[in-house]
Each structure stands twice: as structure tokens, then as C-alpha cells.
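Computed from a predicted model, the values in this text were never measured in an experiment.
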Amino acid sequence: FRLKDIGFVIKRLGKIFLDYLRSGVGLLFPRVCVVCGDVLVRGERFMCSGCLCRMPLNEGADEGADERMKEVLDAENLFWLFTYNRESDFHQLIYAIKYKSRRELGGWAGRMLGERIGTGHGIDCVIPVPLHPAREKERGFNQSLAIGTGIAGVLGVKIVPDVLERKENTRSQTGLSREERADNVMKAFRLTDPGRLRGCHVLLVDDVLTSGATTKACLAELRKIEGVRCSVACLGKAG
């Protein structure tokens, strides 16, 4: 054998070994749908075809509610991927990203949303809703950053995670009334380097939009930046 032939054989055997290894791992630890738990087949990522087909996507049927929410938030645009309902199996998508440190899932879902947003809105950068450092250390990552990174990659814009920070480690918004949510986050955020975003159209990204209290508190800070324009994106929007 010539040296290059030996190299080819070694490379080929290595590929065969890796294929067998992946197959073995797949049998022991099969990939399952994040929504229904069924085993995924080749070509499916994170969610099975059946769940993708029945996902309650934003198809523009709730435009009146969206317009009212935009007025509440005073946002230029509001983008969201699917209707969020804690009684629906699809809340598992948010739960897995948020509490099971599924970074890749967050990026994948963010790219889905980014493709639906498109590039015709003049957005300059993506700002993820920040977590308090203690909460981020506890979870291991910021789910809004993972989602925002996916969106930014599709839109071809930069993600800026360090201009807005959470200064108060507030309690979870889950279970709070609308008024309690607003009070809980009223002064939770602050700007660190506003000059970087002067005159920019920013897209604020969070995982779920319910009452809008957290989003509104973030936007109140961002609007302190000279010439800033604000739009909002989230994976799930409460119906």
C-alpha cells in the first residue's frame, strides 16, 4: 500500500467506527421529541414531525391582541413564534430551554422565529432580556441569550448581551398577578453602556410574553438611549 492509501483506509475505518458508536449511543439514549416524548427519526431535530405540524404557530389570526400589546409596550413591532399555554404540551419547549439548559434547543427555536421575522424591519441588533448573575449561575446560562443568538444569526445582525443588566434578583413572575408582576420588576434593570446603541433599532428578546411586565421594564431602560427604536420578540405569547 502507498502511504495515501493507508491514510484513506484509516479514515474510512474511523468513520465506520464513529457510525457504529453513534448507533449504539442512539439505542441506549434515543433522541426524543421535546413536546410529546416520542423517539425522533432521522432528519428530525428536537421535535417530531407530528408536533411540528400541530404547533400553534403565529399565523396572524390574533392581530387585534398583538396591536393592543404593542400599544401597552409602546413597541414598534411584536414578533412571536407560537401561542403559549401552560396546559398545552408545547409549554415543554419553553420548560426544556429554561430549566433543563437546552442551549441548542434555544438556538434552534430562535432560528425558527428569526426566519418568520425576516430581514425587512431594519433591526440593527438583538438584546436578550438579562438574568441576574445569581440566577444565571444557578441555571447555567441565559435562555433569552440562546434564543436571541439564533434570531441574530438568521437576521445577520449582532447580539449585544452586555448593555442591559439585571440589578435586582427578583422572585419568579410565575403565579403573580398582573399588578404584582409589574411591581416585581419595576426597577430591576439598568443600562451599562448606552452609547453603543445610540440611534439603533433594537430587538428585545425573551422566552415568553405574558403580562408584558418584564418586557416593559426593559424597554423603559432602553428608551433612555438617544434615538433608539424598540421592537420585541419572544418564542411564546400567552393567548
Side-chain angles (χ1 to χ4, degrees), residues 69 73 75-82 84 93-117 119 121-170 172-174 181 184-185 187-197 200-225 228-237:
M69 181 56 81
L73 299 175
E76 192 165 315
N77 299 287
L78 172 60
F79 307 105
W80 52 280
L81 183 62
F82 71 99
Y84 178 78
L93 174 61
I94 301 293
Y95 185 87
I97 297 170
K98 196 167 184 175
Y99 298 112
K100 295 186 178 180
S101 298
R102 299 286 298 274
R103 290 179 177 82
E104 290 187 0
L105 176 60
W108 176 79
R111 288 189 293 275
M112 283 183 66
L113 179 54
E115 288 166 1
R116 296 174 74 85
I117 293 172
T119 57
H121 301 281
I123 292 166
D124 297 305
C125 63
V126 169
I127 309 289
V129 170
L131 287 178
H132 188 272
R135 188 71 59 84
E136 187 167 346
K137 183 178 180 180
E138 177 185 320
R139 289 189 185 167
F141 81 121
N142 179 357
Q143 71 276 2
S144 296
L145 176 59
I147 296 164
T149 299
I151 295 173
V154 173
L155 301 187
V157 300
K158 60 186 177 181
I159 186 160
V160 185
D162 54 352
V163 167
L164 185 66
E165 71 175 15
R166 195 163 194 147
K167 62 180 181 177
E168 301 287 343
N169 191 11
T170 55
S172 170
Q173 297 281 72
T174 304
R181 285 170 180 260
N184 192 39
V185 295
K187 297 180 180 179
F189 303 95
R190 67 182 168 201
L191 295 171
T192 60
D193 188 8
R196 290 172 60 190
L197 300 182
C200 288
H201 184 180
V202 303
L203 181 66
L204 180 70
V205 173
D206 205 357
D207 52 1
V208 175
L209 180 66
T210 49
S211 70
T214 300
T215 303
K216 200 169 182 179
C218 289
L219 291 175
E221 287 298 306
L222 290 171
R223 287 199 193 90
K224 295 176 181 178
I225 302 170
V228 76
R229 297 162 55 200
C230 300
S231 291
V232 173
C234 58
L235 287 187
K237 175 180 168 290

Exercise. Do any N or O atoms from the side chain of Asn142 and from the backbone of Arg135 form a donor-acceptor pair under 3.5 angstrom?
Worked result: no

Exercise. Is the closest side-chain heavy-atom distance between Val205 and Leu113 below 4.5 Å?
Worked result: no

For this session: Let me know which of Val202, Ile127, Leu73, Asn77 forms a side-chain contact (heavy atoms from CB on, under 4.5 Å) with Cys230.
Result: Val202

For this session: Take atom NZ of Lys100 as the centre, draw a 6.0 Å sphere, and report whether it contains more than 12 heavy atoms from other residues, nucleotides or ligands.
Result: no

For this session: Report yes if the side chains of Tyr84 and Lys237 come closer than 4.5 Å at any heavy-atom pair, otherwise no.
Result: no

For this session: Please answer whether the main-chain N or O of Ile123 pairs with a side-chain N or O of His121 as donor and acceptor at a distance below 3.5 Å.
Result: no

Exercise. So how far is it from Ile97 CD1 to Leu105 CG, rounded to the nearest 0.5 Å?
Worked result: 4.0 Å

For this session: Return the set of residues passing side-chain contact (heavy atoms from CB on, under 4.5 Å) with Lys224 (not counting sequence neighbours), or none when no residue passes.
Result: Leu191, Glu221

For this session: Would you name the heavy atoms of Arg223 and Ala75 that are closest together and state the gap between them?
Result: NH2-N, 4.1 Å

Problem set entry | Trp80 CH2 to Leu209 CG distance, which is reported to the nearest 0.5 Å | 10.0 Å

Exercise. Do you know which two heavy atoms are closest between Ile151 and Gly110, and how far apart they sit?
Worked result: CG1-O, 3.2 Å

For this session: List in chain and number order the residues that pass side-chain contact (heavy atoms from CB on, under 4.5 Å) with Asp193, two or more places apart in sequence or in another chain; answer none if no residue qualifies.
Result: Arg196

For this session: Please test Ser144 against Asp207 for side-chain hydrogen bond (donor to acceptor under 3.5 Å, both in side chains), starting from the C-alpha separation and ending with a verdict.
Result: CA-CA 6 Å; Ser144 296; Asp207 52 1; 4.9 Å; no

Exercise. Counting distance only, does the side-chain N/O of Thr149 pair as donor-acceptor with the main-chain N or O of Ile159 below 3.5 Å?
Worked result: no

